There are 2 protein chains.
Amino acid sequence: MMKGREVILGILRNKPQTGYEINDVLKNQISYFYDGTYGMIYPTLKKLEQEGKVVKQTIIQADKPNKNVFSITAAGKKELQTYLNSDAVAEVFKSDFLMKLFFGDNLSRSQIINLMEKEIQLKTAQINHLQSSLQQWEQEGITDSQKITVGYGLAHYTAVVDYLNQQLAAFKQ
Amino acid sequence: MMKGREVILGILRNKPQTGYEINDVLKNQISYFYDGTYGMIYPTLKKLEQEGKVVKQTIIQADKPNKNVFSITAAGKKELQTYLNSDAVAEVFKSDFLMKLFFGDNLSRSQIINLMEKEIQLKTAQINHLQSSLQQWEQEGITDSQKITVGYGLAHYTAVVDYLNQQLAAFKQ
DNA sequence: ACGCTCATGTAACTCGTTACATGATTAA
DNA sequence: TTAATCATGTAACGAGTTACATGAGCGT
């Protein structure tokens, strides 16, 4: 399974960026299949720099905090490519919602309904997020493969929302 | 997000079981939304025992290795219930496949096709696994909520397999 | 002979999380 | 005056992974 370092190398593959900007990409562009935090980003960039996989350039700014822009090196590109060429391993999926449903023998009827309704809300919000992101990327440029990843996310989320709505209706009767 | 200890307490909630049997449940019944290994199971059982959340009973067997059967205690049930009553947090989803598709600008056409075909195979196998498990559980007894979790998994997998087949066909043209 | 099922565990390690720590500018 | 945006980092901790270690019985 991919690690933070590979994700960061992937994000830097075409364009030098700061840790702050990397966080933005994580949150807005690939949050569907990966999530990371600053506590991972900065230490990983430091390590990649020490290994010569990325190089840092400090930019002094007057009205904003200074920033460190990282670019991928040839060694970094090589590591990324090696990862990209390796076999994809099975996804990781952990669901608190399903866990609660599965083990919640003695949850009340209303608790189960509440659980399902909240899950539907969460997923609906994620669908909206993906859809609005897609519109933005289409303007900025997105590859066909990248479009497939977004479509994959939408297919997944809409399927489970439809399923849950249907089950919820049946459950309420 | 749920942790191994909560999953184990959930598995033991109705029936005392050994670490070996817990592993079986993880692999066959809830692998869709959780995965764990012996390296997590045994240390966690040990810790839960020290905390008085489970109790161990050793059973001497003649023709097989001895086994340690763990039962949940009142304290364990309380912890499980507290977890079950807490708000469900967003699922964790990490996909090596989507990562490779997203960052694979310079993968060849055939590599992309290969990636998608393997993903379809993997997911199809998981659909078959879920379906055959469902049949078995229906004989052994499964609650309505548990049936919903399996249906959720099937809805998810079939949606993405359909989507990928469709995209693959378009991509190949 | 070979591999599967049953059965339990530890030690080292890795990766990432959470919380902490700082601080200026700008828009509402 | 309050929150958001821009911007970077560390330290302690937690949870789980991987690899190792052992071994009998049963079916083909």
Side-chain angles (χ1 to χ4, degrees), chain A residues 1-9 16-28 30-31 33-51 53-54 56-70 79 83 89-94 96 99, chain B residues 1-9 16-28 30-31 33-51 53-54 56-70 79 83 89-94 96 99:
Chain A
M1 181 57 51
M2 80 275 207
K3 289 161 208 143
R5 54 185 294 127
E6 290 150 347
V7 176
I8 288 179
L9 290 172
Q17 277 164 97
T18 65
Y20 189 80
E21 287 165 335
I22 289 171
N23 181 61
D24 241 52
V25 174
L26 293 183
K27 294 279 154 8
N28 299 315
I30 63 172
S31 66
F33 60 84
Y34 186 79
D35 87 291
T37 57
Y38 285 126
M40 166 253 154
I41 296 168
Y42 290 113
T44 302
L45 281 169
K46 198 179 180 182
K47 212 174 178 195
L48 286 171
E49 197 197 356
Q50 283 162 358
E51 294 174 16
K53 305 290 171 72
V54 302
K56 176 169 75 177
Q57 197 199 348
T58 301
I59 300 196
I60 312 293
Q61 299 188 120
D63 50 341
K64 292 179 198 168
N66 294 342
K67 60 182 180 182
N68 300 323
V69 180
F70 293 88
E79 175 174 341
Y83 161 72
V89 303
E91 73 197 19
V92 168
F93 180 74
K94 285 198 187 195
D96 213 32
M99 161 97 181
Chain B
M1 180 57 53
M2 80 275 205
K3 287 162 209 142
R5 54 185 296 127
E6 289 149 349
V7 175
I8 288 179
L9 290 172
Q17 276 163 100
T18 65
Y20 189 81
E21 287 165 335
I22 289 171
N23 182 62
D24 240 51
V25 174
L26 293 184
K27 294 281 158 357
N28 300 316
I30 63 173
S31 67
F33 60 84
Y34 186 79
D35 86 293
T37 57
Y38 285 128
M40 165 255 152
I41 296 168
Y42 290 113
T44 303
L45 281 170
K46 196 178 179 182
K47 211 174 178 194
L48 286 170
E49 196 196 356
Q50 282 162 358
E51 294 173 17
K53 305 290 171 70
V54 302
K56 177 168 75 176
Q57 197 199 347
T58 300
I59 300 196
I60 312 293
Q61 299 187 121
D63 50 343
K64 292 180 200 171
N66 294 341
K67 59 183 180 181
N68 299 321
V69 180
F70 293 88
E79 175 174 340
Y83 160 74
V89 303
E91 71 198 19
V92 167
F93 180 74
K94 287 201 184 192
D96 214 31
M99 162 97 182

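Chain letters run A, B, ... following the sequence lines, proteins first and then strands; every chain starts at 1. Keep in mind that this is a model prediction, so the values were computed, not measured.
Put simply, the side chain of B/M40 reaches to within 4.5 Å of the side chain of B/I8, judged on heavy atoms. Contact annotation: the side chain of A/T18 never approaches that of A/I59 to less than 4.5 Å [non-hydrogen atoms, C-beta and beyond]. Contact of the B/T37 side chain with the B/L26 side chain is not registered, since no non-hydrogen atoms from C-beta on lie closer than 4.5 Å. In this structure, the side chains of B/Y34 and B/M2 come closer than 4.5 Å at one or more pairs of heavy atoms.
The only member of A/I30, A/I41, A/D35 that meets side chain to side chain contact (heavy atoms under 4.5 Å, CB included) when paired with A/V7 is A/I30.
Out of D/dG9, C/dT17, C/dT8, the shortest distance to the side chain of A/M40 is found at C/dT17. Across C/dT18, D/dT5, D/dT18, the shortest atom-to-atom separation from the side chain of A/Y20 is found for D/dT5. The side chain of A/K56 sits closest to D/dG9 out of C/dG9, D/dG9, D/dT17.
A straight line from CG of B/N66 to C1' of D/dT22 spans 14 Å, rounded to a whole angstrom. The interatomic distance linking A/Y38 (OH) with D/dA7 (P) rounds to 10 Å, in whole Å. Rounded to whole angstrom, the span from the CD1 atom of B/I41 across to the P atom of C/dT8 amounts to 10 Å. Distance CZ (A/R5) to P (C/dT14): 12 Å, rounded to an integer number of Å. Put simply, NZ on B/K27 is 16 Å from P on C/dC4, counting in whole angstrom units. Per the geometry, CG belonging to B/D24 stands 11 Å off P belonging to C/dT8, to the nearest Å. Between B/E49 atom CD and C/dT8 atom P the separation is 13 Å, expressed in whole Å. If you measure from atom CG of A/L48 to atom C1' of D/dG9, you get 16 Å, rounded to the nearest angstrom.
Where A/G39 and A/K67 meet DNA chain D, the nucleotide closest to each residue was compared, and A/K67 sits on the side nearer the 5' end. Summary of the strand contacts: A/Q61 and A/P43 both lie near DNA chain D, and taking for each the nucleotide with the nearest heavy atom, the more 5' one is attributed to A/Q61.
In this structure, A/T18 does not reach the D/dA7 phosphate: none of its side-chain N or O atoms is under 4.0 Å from OP1 or OP2. Distances shown here put every side-chain N or O of A/Y42 at or beyond 4.0 Å from the OP1 or OP2 atom of C/dG16. The side chain of B/K46 contributes an N or O atom lying less than 4.0 Å from OP1 or OP2 of C/dT10. Remark: A/N68 is in phosphate contact with D/dG9, judged by side-chain N or O atoms under 4.0 Å from OP1 or OP2. Side-chain N/O atoms of A/Y34 include one lying less than 4.0 angstrom from OP1 or OP2 on C/dG16.
Contact between A/E21 and A/Q17 at its shortest, heavy atoms only, is OE1-CA, 3.4 Å.
Between its opening and closing five pairs, the helix from C/dA1-D/dT28 to C/dA28-D/dT1 changes axis direction by 50°, a value rounded to 10 degrees.
For B/K47, the NZ atom counts as loosely surrounded, since its 6.0 Å shell holds 12 or fewer non-hydrogen atoms of other residues, nucleotides or ligands.
Taking the six-membered ring for Trp and thresholds of 30 and 60 degrees, B/Y20 and B/Y38 have nearly parallel ring planes, at less than 30 degrees apart.
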